[in-house]
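Note that this is a predicted model, so its numbers are computed, not measured. Chain identifiers are assigned alphabetically (A, B, ...) following the order of the sequence lines, protein sequences preceding nucleic acid strands; residue numbering begins at 1 within each chain.
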Amino acid sequence: MVLNQKKENISFWDGTLSLSEFYVGASAFAEKWRLLHHAVPPWSWIPCSRVPWPSTREVDGYLSLEKFNIFRSSEYVLHLEQDDQEEGPNEIEEASCSGKGKPFDNAVVVQRCSPEVYYSDLHIVYSASYKVPVLYFRVYSSDGQTIELNNIEKFLPVSSAKVLRESKWTFITQEEHPYLRRPWYTLHPCGTGEWMKLLLLADAALAANGFTSEQYIVSWMSVVGQVVGIQIPHQLLNG
Amino acid sequence: MKGKSMGSGRETQKYIWEGAIPLQIHLHESEITTLPSPPPVLILAPRIGYLPLLVPLIKPQFSSTLPPGVDTVWFEYKGLPLKWYIPTGVLFDLLCAEPERPWNLTSYVTLCCSILTTSNDVLNFKVHFRGFPGNVLVPCEGEESVKWSFINSLKEAAYIINGNCKNVMNMSQPDQMELWHSVLNGNMDAYLRISSKLKLGTVTDDYMVKSNASALHSQQSSSDMDGMGPVKTGRIPVRLYVWSVSEDFVDLEDAPPVDGWDKILYINRPVEIHKEEGKCFTLGDAVRSLLPELFTDIPSITEEISRIESEDEQRSGLGDEGSTKSTEVNTETLDGGVNSGSASSCPEIKLIRIQGIEPKMEIPFSWVVNNLKNPEHFLHICVCVRVLQPVAI
């Protein structure tokens with residue numbers, strides 16, 4: 001779905017998505033990710049009805065990337081950068097104007113000090129309250145032991161770990177996963193609409209021509225992914 | 001409150017703020033280190049409060065029997081660990097179909113011990129919570145956790161109502177503290193004073209404005225509430241808890257206990273008030289918008305009201321007063337209609353409970369929201385639904 005019907009009064013756009021735009025964007029994002037990267041686990045749409053009777057809601061579910069090997073992902077990112085140095089840094093630079101304004105340092109993702117393998121599950125859930133995507137995630141060791149909040153910062157990029165220490169209650173907290181009903185970590189979505197608006201309107205081409213919900217999800221992921229140390233391949237950013 | 005006419009905003013809010021549930025808290029036997037075991041603690045828990053806030057009051061009474069190093073306390077009811085971020089009144093409405101007084105809860109304590117390891121692992125220490133049901137409950141670090149859960153909910157409500165949460169984000173530290181303390185201490189006047197700065201307003205409905213002029217609402221002007229004017233987005237923050245039962249029951253006391261959170265469906269989705277000329281958006285319409293599947297065989301409540309209204313008007317030849325009457329008439333029709341409609345395949349609503357009362361479905365939703373919402377501006381609705389076949393959520 002193209003959001004460019006909002007083009008004419010895009011300056012009034014509040015940076016949010018509807019549920020069906022989210023679904024369309026998330027599905028397209030997952031498909032492109034799958035085509036571009038066979039080596040990493042795919043994102044998949046998990047249809048999931050919350051009601052114990054036949055649902056009449058058109059789309060209900062979330063986008064999921066499970067058992068993402070944290071070390072492999074970092075090596076993957078580094079590898080990717082070396083391959084595409086001529087265009088890579090530009091894209092990354094652009095993607096990092098997240099409002100927090102901290103350029104992302106890939107090297108910090110790598111927790112070289114530990115020989116253990118850790119995994120991460122990432123779910124992107126639509127928030128009906130904020131009308132934006134929200135990231136839920138968990139980190140666990142190879143024996144399935146979940147990493148508790150006190151230790152989670154060791155698995156985050158340095159910049160995120162710093163924000164986590166400074167804003168313990170308003171950045172990453174444990175909340176109930178809306179579908180799984182179990183405690184997961186989540187990134188607070190209260191500012192998402194605002195920074196998404198800044199991010200997308202800062203791009204003159206997008207601001208002039210409108211953008212698709214897929215581009216919305218990619219841009220969103222380019223910021224949120226950095227917080228948890230997952231880099232969006234720049235081919236996706238290029239559309 | 002049952003049987004009373006709709007009170008003014010402040011009067012009803014006062015009932016809510018003063019509402020409390022008598023709790024009888026037993027220390028779980030596995031936690032007792034001395035004999036004889038300590039007697040249970042009786043305490044009045046505010047409806048709008050949260051269970052962890054009672055811990056400082058309870059702990060001293062159990063302290064003699066507890067081993068040192070107690071860190072976290074959590075509560076269970078009939079084997080179900082209670083989610084601390086749900087207001088106490090909502091837990092009671094949801095889990096005690098037939099209100100139990102005092103409400104018998106069991107408290108558990110967890111010991112927190114840090115085990116230092118000498119290796120250079122990524123994890124140089126691990127925190128062990130003995131027996132804490134971490135797969136179900138989000139850990140609670142006492143009052144601070146509860147406060148931030150409250151503020152994050154308030155932020156979410158503000159976003160739903162105004163389309164942004166700047167007023168909450170930009171609150172000064174002292175105001176934020178005062179707001180939290182007003183909730184903590186059940187000080188409604190202080191709460192109203194501070195929260196009016198958030199400009200979250202009250203919900204107005206054209207229908208309500210119209211009927212304000214009628215006898216029913218003559219006591220209630222909008223200034224009775226917050227006086228902040230209508231909401232901007234027409235969206236109302238609602239948290240809906242649906243308890244599904246598979247067996248039918250006639251008396252609430254025969255209702256089966258809730259033995260797992262998987263029996264409770266939780267919907268955190270705003271309700272959009274659809275304003276239609278001459279129609280009142282009712283509580284039934286709100287529930288219907290969240291659970292449309294439960295209303296498939298029954299005509300829309302709005303339609304039903306308008307049908308009865310017009311019949312009534314024809315009979316009585318009265319305008320506003322007629323519609324007031326029709327609400328009364330409607331009560332019985334709809335109670336029967338929604339609850340026991342088709343004795344069939346369709347899931348049926350057994351019970352709707354908000355702040356301990358069982359409001360009629362045709363009450364104007366704006367009244368319900370303005371008067372029965374919690375201080376974080378969410379309206380918590382508990383619904384019991386009978387489904388024919390138990391399906392895991």
Taking atom [atom1] of [X] and atom [atom2] of [Y], what is their separation to the nearest 0.5 Å?
X: A:E194; Y: B:C165; atom1: CD; atom2: SG; value: 8.5 Å
X: A:S127; Y: B:R269; atom1: OG; atom2: CZ; value: 11.0 Å
X: B:N135; Y: A:L180; atom1: CG; atom2: CG; value: 12.5 Å
X: B:K155; Y: A:Y130; atom1: NZ; atom2: OH; value: 6.0 Å

Which portion of [X] sits near chain A, non-hydrogen atoms under 4.5 angstrom:
X: B:S145; result: both
X: B:I151; result: neither
X: B:V385; result: side chain
X: B:K147; result: neither

### Message
Do A:E175 and B:V138 have side chains that approach each other closer than 4.5 Å (heavy atoms only, starting at C-beta)?
### Response
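They are not in contact (no side-chain heavy atoms under 4.5 Å apart), so the answer is no.
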### Query
Side chains of A:C190 and B:E156: does their closest heavy-atom pair fall under 4.5 Å?
no
Non-hydrogen atoms of [X] and [Y] that approach each other most closely:
X: A:A128; Y: B:R235; answer: O-NH1, 3.0 Å
X: B:Y159; Y: A:S129; answer: CD2-O, 3.5 Å
X: A:P183; Y: B:G134; answer: CG-O, 3.4 Å

### Query
A:R181 side chain to B:I264 main-chain N or O, any donor-acceptor pair under 3.5 Å?
yes
#### Entry: B:K166, NZ: over 12 other non-hydrogen atoms inside 6.0 angstrom
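12 or below, so no.
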### Message
Determine whether A:E176 and B:Y266 satisfy the following criterion, side chain to side chain donor-acceptor pair (under 3.5 Å), listing intermediate values before the conclusion.
### Response
CA-CA 11 Å; A:E176 193 175 288; B:Y266 171 56; over 6 Å; no
